[in-house]
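Bear in mind that the values here come from a model prediction, so they are computed numbers and not experimental data.
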Amino acid sequence: MKIRVIAALSAAALLPLTGTAAAASGQDPVEGAGLVANALYEAGQLPRSTCAEKPVKRNHKPMARAYINAVVACLDRTWGKHLTAAGLEFQKPRVKYLAKVPKGYCDLEIDNYNAQAYYCEKNRTLIFQLGKDWLDDPHDLWLFSITSRMYGIHVQELVGIGAALDEESYDDDAEERELVRRYSLQSDCFAGAFMKSVWPLKGRSGKDWKTSLNLLLGDEPGDDRVYGKTANIRAWTKRGFATGDPGSCNTWTASASKVA
């Protein structure tokens with residue numbers, strides 16, 4: 001299966017990513033309080049619960065949609081309980097399926113992959129385009145993983161991380177891309193924390209978890225460096241899973257090497 005971590009950046013966080021990244025220079029520290037000291041980090045571990053996977057068959061889009069909808073319902077319950085208990089805003093996201101995401105949809109830079117997912121911050125909507133790259137072998141937790149990551153971006157929007165990122169300044173392309181990587185890697189970590197809160201899924205083993213990690217790939221040679229290295233994407237996902245605590249996902253205070 002051809003797997004790629006798809007952009008999934010909110011319109012607010014999708015900074016203009018054109019040209020080649022500038023040579024790495026001294027990175028300014030991230031200063032925004034909504035990023036480095038967000039109230040979410042003090043809320044503790046996500047509540048433990050169960051989440052039942054729906055059956056899904058190869059290249060069966062209706063079943064894949066039902067699977068994703070069930071995962072979103074689990075995410076709603078977990079994050080809703082967690083944010084509400086912490087006195088933070090909670091609102092369920094909308095979910096939309098498109099046969100093909102149009103160019104410029106929600107002011108996002110849309111790729112040409114046959115399967116991809118995005119988050120539209122304008123109307124807080126998870127957007128899925130289901131294609132053969134994801135559905136040829138849909139039993140590997142990829143749909144669960146990508147849905148959790150999209151939801152992580154929704155959480156960032158709810159708790160003000162997206163808005164705080166808009167206020168953060170940068171001096172050059174390298175600093176701009178580092179900010180976007182910190183944002184993307186944080187949503188990866190949130191996804192790992194959610195997985196921990198519902199693990200083990202019925203019928204799943206540690207082997208399934210490792211397989212899902214191995215599917216995660218980072219920026220490819222020649223691409224804009226906006227997601228992070230494969231090793232860092234996996235490391236932040238594992239960090240979230242190890243702790244089950246979104247507070248461990250503070251990518252904004254991590255060293256530059258951890259978000260490269």
Heavy-atom closest contact ([X] atom, [Y] atom, distance):
X      : Y      : result
Leu141 : Trp209 : CD1-N, 4.5 Å
Ile233 : Gly218 : CD1-CA, 3.4 Å
Ile110 : Pro102 : CG1-O, 3.2 Å
Gly203 : Asp208 : O-OD2, 4.2 Å
Gly34  : Ile161 : O-CG1, 3.7 Å
Gln186 : Asn250 : NE2-CA, 4.2 Å

Side chain to side chain contact (heavy atoms under 4.5 Å, CB included), paired with [X], selected from [options]:
X      : options                : answer
Glu53  : Lys202, His139, Arg204 : Arg204
Pro93  : Asp76, Leu75, Thr125   : Asp76
Trp252 : Val259, Asn38, Leu35   : Leu35
Tyr227 : Asp188, Leu217, Asp219 : Asp219

Non-hydrogen side-chain atoms of [X] and [Y] separated by less than 4.5 Å:
X      : Y      : value
Val36  : Glu31  : no
Leu135 : Leu143 : yes
Ser145 : Leu216 : yes
Val30  : Thr253 : no
Lys61  : Tyr97  : no
His82  : Pro246 : yes
Leu130 : Arg65  : yes
Ile153 : Tyr183 : yes

Taking only Lys NZ, Arg NE, NH1 and NH2, and the carboxylate oxygens of Asp or Glu, determine whether Arg124 and Glu89 approach each other closer than 4.0 Å.
yes

Is [X] reaching over with its side chain to a backbone N or O of [Y], donor-acceptor style, under 3.5 angstrom?
X      : Y      : result
Ser248 : Gly244 : no
Gln45  : Thr243 : yes
Thr251 : Arg182 : yes
Asn232 : Ser257 : yes
Asp224 : Val226 : no
Gln129 : Tyr113 : yes
Gln91  : Leu158 : no
Glu176 : Asp172 : no

Measuring from atom [atom1] of [X] to atom [atom2] of [Y], what distance do you get when rounded to the nearest 0.5 angstrom?
X      : Y      : atom1 : atom2 : answer
Ser212 : Met195 : OG    : CE    : 5.0 Å
Cys189 : Lys238 : SG    : NZ    : 12.5 Å
Lys122 : Tyr105 : NZ    : OH    : 10.0 Å
Cys120 : Asp107 : SG    : CG    : 8.0 Å
Arg234 : Leu215 : CZ    : CG    : 8.0 Å
Asp133 : Asn114 : CG    : CG    : 4.0 Å

Is it true that the NZ or CZ of Lys196 lies under 6.0 Å from the centre of Phe241's six-membered ring and within 45 degrees of the ring axis?
yes

CZ/Arg48: more than 12 non-hydrogen atoms of other groups inside 6.0 Å:
yes

Give a yes or no on this: more than 12 heavy atoms of other residues, nucleotides or ligands lie within 6.0 Å of atom NZ of Lys210.
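It does not: Lys210 NZ has 12 such atoms or fewer within range.
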
Students often mix this up, so state it plainly: with edges at 30° and 60°, are the rings of Tyr67 and Phe144 parallel, tilted or perpendicular?
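The rings of Tyr67 and Phe144 stand perpendicular, inter-plane angle above 60°.
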
Determine, step by step, whether Val198 and Thr50 satisfy the side-chain contact (heavy atoms from CB on, under 4.5 Å) criterion, reporting the C-alpha distance in whole Å, the side-chain angles of both residues, the deciding distance to 0.1 Å, and the verdict.
CA-CA 5 Å; Val198 297; Thr50 59; over 6 Å; no

For Asn112 and Lys103, run side-chain hydrogen bond (donor to acceptor under 3.5 Å, both in side chains): C-alpha distance rounded to whole Å, both residues' side-chain angles, the deciding distance at 0.1 Å, then the answer.
CA-CA 9 Å; Asn112 292 318; Lys103 292 294 183 182; 2.8 Å; yes

Hey, mind stepping through Leu40 and Leu83 against side-chain contact (heavy atoms from CB on, under 4.5 Å) and telling me if it holds?
CA-CA 8 Å; Leu40 175 64; Leu83 296 181; 3.7 Å; yes

With no hydrogens and no angle check, just 3.5 Å: does a side-chain donor-acceptor pair link Tyr119 and Glu121?
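Checked: Tyr119/Glu121 side chains show no N/O donor-acceptor pair below 3.5 Å.
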
Between Cys74 and Phe194, does the side-chain contact (heavy atoms from CB on, under 4.5 Å) criterion hold? Intermediate values first, please.
CA-CA 9 Å; Cys74 294; Phe194 169 70; 4.0 Å; yes

Intermediate values then yes/no, salt bridge (charged side-chain N to carboxylate O under 4.0 Å, His left out), Arg58 and Asp137
CA-CA 6 Å; Arg58 183 181 181 189; Asp137 183 11; over 6 Å; no

Check the pair Tyr170, Glu168 against side-chain hydrogen bond (donor to acceptor under 3.5 Å, both in side chains), reporting the backbone distance first and the verdict last.
CA-CA 7 Å; Tyr170 54 88; Glu168 194 70 21; over 6 Å; no

Show, in sequence, the C-alpha distance, side-chain angles and deciding distance for Arg149 and Thr237, and conclude whether the side-chain hydrogen bond (donor to acceptor under 3.5 Å, both in side chains) test is met.
CA-CA 10 Å; Arg149 280 165 169 75; Thr237 304; 2.6 Å; yes

Ser187 and Gln156: side-chain contact (heavy atoms from CB on, under 4.5 Å), yes or no, with the steps?
CA-CA 8 Å; Ser187 70; Gln156 288 171 306; 3.7 Å; yes

